[in-house]
Amino acid sequence: MKAERMSQSFEAADLLLHRHVTDISCSWDEGLAACCVESVNEAKDSTTSAIWIYPANGDAPGR
């Protein structure tokens, strides 16, 4: 299998776009799945966490 080339060069600032899922939980009774997402907050020189909620059946994108 031949590797595809990136359309743009990777830059250090691209690291600020990285998001990391730190935890996942499901509530089948409510039909929801939730995950904790951590991202870089450049302005505060720290990380920010948010909870993203999704329908457990996958019908619609969550946030």
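All residue numbers refer to positions in the sequence shown, counting from 1.
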CG/D45: more than 12 non-hydrogen atoms of other groups inside 6.0 Å =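 Check fails, neighbour count at 12 or below.
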message = Using a 4.5 Å cut-off between side-chain heavy atoms of Ile, Leu, Val, Met, Phe, Trp and Tyr, which other residues end up in the same hydrophobic cluster as L17?
response = none
query = Residues sharing L16's hydrophobic cluster, by side-chain heavy-atom contacts under 4.5 Å among ILVMFWY, directly or via others?
reply =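 Members other than L16 - counting any ILVMFWY side chain reachable under 4.5 Å - are V40.
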Spacing of CZ belonging to R19 relative to OG belonging to S39, to within rounding of 0.5 Å =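 The CZ atom of R19 sits 6.0 Å away from the OG atom of S39.
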For residues 1-13, run the donor-acceptor check on the side chains, cut-off 3.5 Å, and write out each pair with its distance to 0.1 Å, sequence neighbours left out.
none

Pairs under 3.5 angstrom only: tabulate donor-acceptor contacts from the side chains of residues 20-36 to other protein residues two or more places apart or in another chain.
from, atom 1, to, atom 2, distance (Å)
T22, OG1, C36, O, 3.3
S27, OG, E30, N, 3.4

ask   = Mind checking what makes side-chain hydrogen bond (donor to acceptor under 3.5 Å, both in side chains) contact with T47, not counting sequence neighbours?
value = none
